[in-house]
There are 2 protein chains.
Amino acid sequence: MEITNQVKNQLSEAGLKATHPRIVVLRELVVSNDHPTAERIHENIKIDNPSISLGSVYRVLDVLVDAGLIQRVSVRSGSKRYDANMSPHGHLYCLQTNKIQDFYDEELYELINEFFRKKRIRNFKINEIKLQVNGERIDPDAEITIT
Amino acid sequence: MEITNQVKNQLSEAGLKATHPRIVVLRELVVSNDHPTAERIHENIKIDNPSISLGSVYRVLDVLVDAGLIQRVSVRSGSKRYDANMSPHGHLYCLQTNKIQDFYDEELYELINEFFRKKRIRNFKINEIKLQVNGERIDPDAEITIT
DNA sequence: TCGCATTTGAGAATAATTCCTAAATGGAAA
DNA sequence: TTTCCATTTAGGAATTATTCTCAAATGCGA
Ligand SMILES: [Mn+2]
Ligand SMILES: [Mn+2]
Ligand SMILES: [Zn+2]
Ligand SMILES: [Zn+2]
């Protein structure tokens, strides 16, 4: 499996042991694009990997976040969500359906980065800039399209 | 007390009963500018209002958010934070100290709003746009200054 | 001043996440 | 290859954050 090897490389390049739980959790996040919760990841992987515990999923997710391989997305609604897409992008969050959709815009991210480069912010080392747009889908089942 | 009356007005204008817990919780948020948690609000107000329960603080905060009088700010770290400042602004969040500091920039917010007005986002009614900058203070005790 | 729909206090319940510990294991070194 | 051990894991308990339940209290319009 190609993705499995890619994921193993990501782990060792980050200086992490390529353990089975880490490979499986990271692969699940790489193939899914719906920003799952820890619990949902656990549900999805335990069909093929019944021995991986929910506690390990949480622990592994934390390690992956610290290593910069994935990011956490927090929304209103109970649990944190996870995202293996580390390219600069924002999130459209629907409060009704709880769905999170990525949105990209080179130009906007240029603007924001440029802004924070110009503005001198003293005594603060910027780690990440999060842009989240909360709202509601008109038709809960249809996609959001951006033009 | 002037602030108390101002807060009572805010409540009735929003169509809410001006109950004691609501007045006290909203006033606490209006006078503090450090984005407290529900628990911290409870600690602060219970000196003068020992009968207000933590459950009521949570319930009242929820009502105030729904009424648009305050906003929730979610950060990594356990609990949600609350903010009575409803003018458009972003947040600088320090992962070490857990402090949240407001930052304003007319121009940046113009840009972002303009962006979302131009971009046609179909099937999505925008509710709020949140910009959060995560990072770390160099000197944990000093303020962050923006120039 | 009354009447009542709404809200509250107290504490139980639930949801989400972290912690604990003995056993398992990835991978560096031999 | 096999050995060795620091690191990681499974499983379950514990903790944290928030919501729920319901009888009693109370704002406020009439
Ligand atoms: Mn971490
Ligand atoms: Mn609500
Ligand atoms: Zn994303
Ligand atoms: Zn704020």
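Numbered from 1 within each chain, the chains take letters A, B, ... in sequence-line order.
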Could you state the interatomic distance from [atom1] ([X]) to [atom2] ([Y]), rounded to the nearest 0.5 Å?
X       : Y        : atom1 : atom2 : answer
B:Tyr82 : B:Thr37  : OH    : OG1   : 9.0 Å
A:His91 : A:Asn134 : NE2   : CG    : 11.5 Å
B:Gln10 : B:Leu69  : CD    : CG    : 5.5 Å

Fill in: Position toward the 5' end of DNA chain C (nearest nucleotide), A:Tyr82 or B:Arg59
B:Arg59
Discussion item. Quick check on DNA chain C: between B:Val60 and A:Leu54, whose nearest nucleotide comes earlier from the 5' end?
Written reply: B:Val60
Which residues pass the side chain to side chain contact (heavy atoms under 4.5 Å, CB included) test with [X], not counting sequence neighbours?
X        : result
A:Glu106 : none
B:Asn44  : B:Glu28, B:Arg40
A:Asn9   : A:Glu13
B:Thr145 : A:Arg122

Would you list the atom pairs, donor with acceptor, under 3.5 Å between side chains in residues 112-119 of chain A and any protein atom, with sequence neighbours excluded?
| residue | atom | partner | partner atom | Å |
| --- | --- | --- | --- | --- |
| A:Asn113 | ND2 | A:Tyr109 | O | 3.1 |
| A:Glu114 | OE1 | A:Arg117 | NH1 | 2.7 |
| A:Lys119 | NZ | B:Asp105 | OD2 | 3.0 |

Worksheet item: To 10°, what angle do the rotation axes through the five end pairs on each side of the helix from C:dT1-D:dA30 to C:dA30-D:dT1 form?
Response: 50°
Discussion item. Going by side-chain hydrogen bond (donor to acceptor under 3.5 Å, both in side chains), name the residues that satisfy it together with A:Ser56, two or more places apart in sequence or in a different chain.
Written reply: A:Ser53, A:Arg59
Discussion item. Checking A:Asn49 now: which residues fulfil side-chain hydrogen bond (donor to acceptor under 3.5 Å, both in side chains) with it, not counting sequence neighbours?
Written reply: A:His20
Worksheet, complete the sentence: All heavy atoms of A:His42 vs all of A:Leu54, minimum pair found to be NE2-N, 3.4 Å
Worksheet item: Between A:Arg137 and A:Gln96, which heavy-atom pair has the shortest distance, and what is it?
Response: O-OE1, 3.7 Å
Worksheet item: When we call it a touch if two heavy atoms are under 4.0 Å apart, what does B:Arg22 touch: a base, just sugar-phosphate, or nothing?
Response: sugar-phosphate
Worksheet item: Touch check for B:Ser56, heavy atoms < 4.0 angstrom, all strands: base, sugar-phosphate only, or nothing?
Response: base
Discussion item. Near DNA chain D, counting only heavy atoms under 4.0 Å, which residues of residues 7-21 of chain B show up?
Written reply: B:Lys17, B:Ala18
Practice prompt. May I ask you to say whether B:Arg72 pairs ionically with B:Asp62, meaning some side-chain N is under 4.0 Å from a carboxylate O?
Written response: yes
Worksheet item: Are the side chain of A:Arg22 and the backbone N or O of A:Lys17 linked by a donor-acceptor pair below 3.5 Å?
Response: yes
Discussion item. Please identify the 5'-most and 3'-most nucleotides of DNA chain D with any atom under 4.0 angstrom from a heavy atom of chain B.
Written reply: D:dA17 to D:dC28
Practice prompt. Give the first and the last nucleotide of DNA chain C, reading 5' to 3', that has any atom under 4.0 Å from a heavy atom of chain A.
Written response: C:dA16 to C:dG27
Practice prompt. With a 4.0 Å heavy-atom cut-off, tell me which residues in residues 28-53 of chain B come close to DNA chain C, sorted by residue number.
Written response: B:Ser51, B:Ile52, B:Ser53
Response to the item:
Partner of A:Gln101 under side-chain contact (heavy atoms from CB on, under 4.5 Å), picked from A:Ile144, A:Asp34, A:Val133, is A:Ile144
